Amino acid sequence: MTSYNLLIDGKMVPGAMQMPVLNPATEDVVAQCPRASKEQLDAAVAAAKAAYPAWAATPLGERRKYIVQMADVIEANASELAHILTSEQGKPLTDATAEVMGMGGFFRYLASLDLPMKVIEDSGDRRVEAHRRPLGVVGCIIPWNYPLLILGFKLPPALLAGNTLVVKPAPTTPLATLRFAELVQGVLPKGVLNVITDANDLGDVMTRHPDIRKISFTGSTATGQKVMTSAAATLKRITLELGGNDASIVLDDVDPKKVAPGIFEGAFQNSGQVCLAIKRLYVHESVYDEICQELVAIANNTVVDDGTKQGTKLGPLQNKMQYEKVKGFLDDARKNGNVIAGGNAMDRPGYFIQPTIVRDIAEGTKLVDEEQFGPVLPVIKYSDHDDVIRRANATTYGLGASVWSSDTERAHKVASQIEAGTVWINKHLDMAPHIPFGGAKQSGIGTEFAEEGLAEFTQLQIINAAR
Ligand code: NAD
């Protein structure tokens, strides 16, 4: 078994405690993983604080080179990282490889950004400049659905801006992150990047820590609310990327055969464990039966298996808690809807659930009103255009949404009326590092990616000089 260590102050160190990490496809132990104590978290924060002045003073162009070097390391070790990721997360190896390469791509693109000083006024009275300064020590808290990709969203802009970091992966998926840390620890000056792990007990300590200036958090809305509450005591900056209950609206003019594969992918990618997955599908009554049939055909032909097996399209749910939660959604679906594909947990070891399509279901049920975060899609019938927009917006979430239509002008009109941070037209789940991303309503606060995301890792400073 490979051994894993924490990264604190430029050294790989054992955890004060250990915890097992399970393979969700077999429930076997993949590895014993270090678990940090509160003292080790404090040591990581102290190392990041000590490294901060020199890193902040390093020219941005130099910091950029370090991040690009890390991208080289990621790509050179993609196969190993992808195998570790599949073993702890469950996703098919092809998807894990795409995640690692995507992480490298985010490193490269985000490293290419700039933080130019802006002259606001240069007159006989005064010269006013706007500078973007780093914040100090930043804490990054990561969920278990895309452990490496989401690290790729946060680490490059945080370091490029001149901050130093303490990263904490989720307790059930820490291994690929620890291996990444080991691979890049020789690239960066010591203390600039620290990686610790926990058993869901140190996130709260990080958000309260007096020496952490900002928390960049991705996870559930419930935990995001806790982060916001704990961060208040020190008025930490926070970026929160939280849960979603994305509505996807299919208009009456679509070709069902044409749109069904994209809808299926948008709902079931990563076994539905995507913040931005389609979680409620609204279909106009005129194409309802056909869309349901097409989705059933795809679901029944989808290979669900161990992610290491060739041909696997969907892996297991990532952890037992999520598996049990999704089984609760299946019970709800059986009670309140008509299950037309899947509907069951699979009779084998591991946390496997059949891709499930549920029709004749509506609001007022758990499956429609809550975030399932699993491979169970409710298909809801509608007849009136204004009514469906009202129903799509009748949620506290506002992460993403999509509209499917053969008439782009109509689709744009619908898109403009949906309360969500991203609305796709004739696709779902298309993300890239140059396209800003963030949630509306209780799906988050702040933005990631692009210049907008980079700016969130900085403090605006105005220098206003007399003439
Ligand atoms: P989670 O909120 O349970 O955990 C996320 C992280 O927060 C983990 O690292 C966890 O250890 C840590 N944590 C736990 N308690 C904490 C506390 N009190 N303070 C600070 N940190 C704490 O989320 P999850 O179950 O790992 O992920 C699934 C959820 O994440 C879903 O709701 C999904 O929609 C959401 N998500 C959102 C995005 C996005 O970008 N908006 C992306 C991926 C996942």
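Only a predicted model underlies this, so the values are computations on that prediction, with no experimental measurement involved. Below, all heavy atoms of this structure are taken into account, side chains as well, without hydrogens, waters or symmetry copies.
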Legend entry - side-chain hydrogen bond (donor to acceptor under 3.5 Å, both in side chains) involving Asn393 - partner list, sequence neighbours excluded: none

State plainly whether the residues [X] and [Y] are in salt-bridge range, i.e. N to O under 4.0 Å.
X: Asp305; Y: Arg348; answer: yes
X: Asp198; Y: Lys168; answer: yes
X: Lys413; Y: Asp407; answer: no
X: Lys335; Y: Asp332; answer: no
X: Asp360; Y: Lys381; answer: no
X: Asp369; Y: Arg280; answer: no
X: Lys325; Y: Glu371; answer: no
X: Asp204; Y: Arg208; answer: yes
X: Lys309; Y: Asp306; answer: no
X: Glu456; Y: Arg237; answer: no
X: Asp386; Y: Arg390; answer: no
X: Glu363; Y: Arg391; answer: yes
X: Glu451; Y: Arg132; answer: no

Inset, instruction - Decide if atom CE of Met321 counts as having more than 12 heavy atoms of other residues, nucleotides or ligands within a radius under 6.0 Å. - result: no

Inset, instruction - Can you establish whether the number of heavy atoms outside Met19 located under 6.0 Å from its atom CE is more than 12? - result: yes

Side chains of [X] and [Y]: does their closest heavy-atom pair fall under 4.5 Å?
X: Ile353; Y: Ser271; answer: no
X: Tyr282; Y: Val368; answer: yes
X: Glu285; Y: Tyr382; answer: no

Non-hydrogen atoms of [X] and [Y] that approach each other most closely:
X: Leu454; Y: Ala161; value: CD1-CB, 4.2 Å
X: Leu202; Y: Leu41; value: O-CD2, 4.0 Å
X: Cys275; Y: Leu242; value: CB-O, 4.0 Å

Inset, instruction - May I ask you to check whether Phe437 and Phe449 place their ring centres under 6.0 Å from each other? - result: yes

Inset, instruction - Would you mind listing every side chain to side chain donor-acceptor pair (under 3.5 Å) that reaches into residues 414-425, with sequence neighbours excluded? - result: Glu419-Lys441

Legend entry - Matching residue for Glu448 among Pro157, Pro436, Ser216 - test: side-chain contact (heavy atoms from CB on, under 4.5 Å): Ser216

Legend entry - Name of the residue among Val423, Ile278, Asn426 meeting side-chain contact (heavy atoms from CB on, under 4.5 Å) with Ser402: Ile278

Inset, instruction - Would you please name every residue forming a ring pair (Phe, Tyr, Trp, His ring centres under 6.0 Å) with Phe352, sequence neighbours left out? - result: none

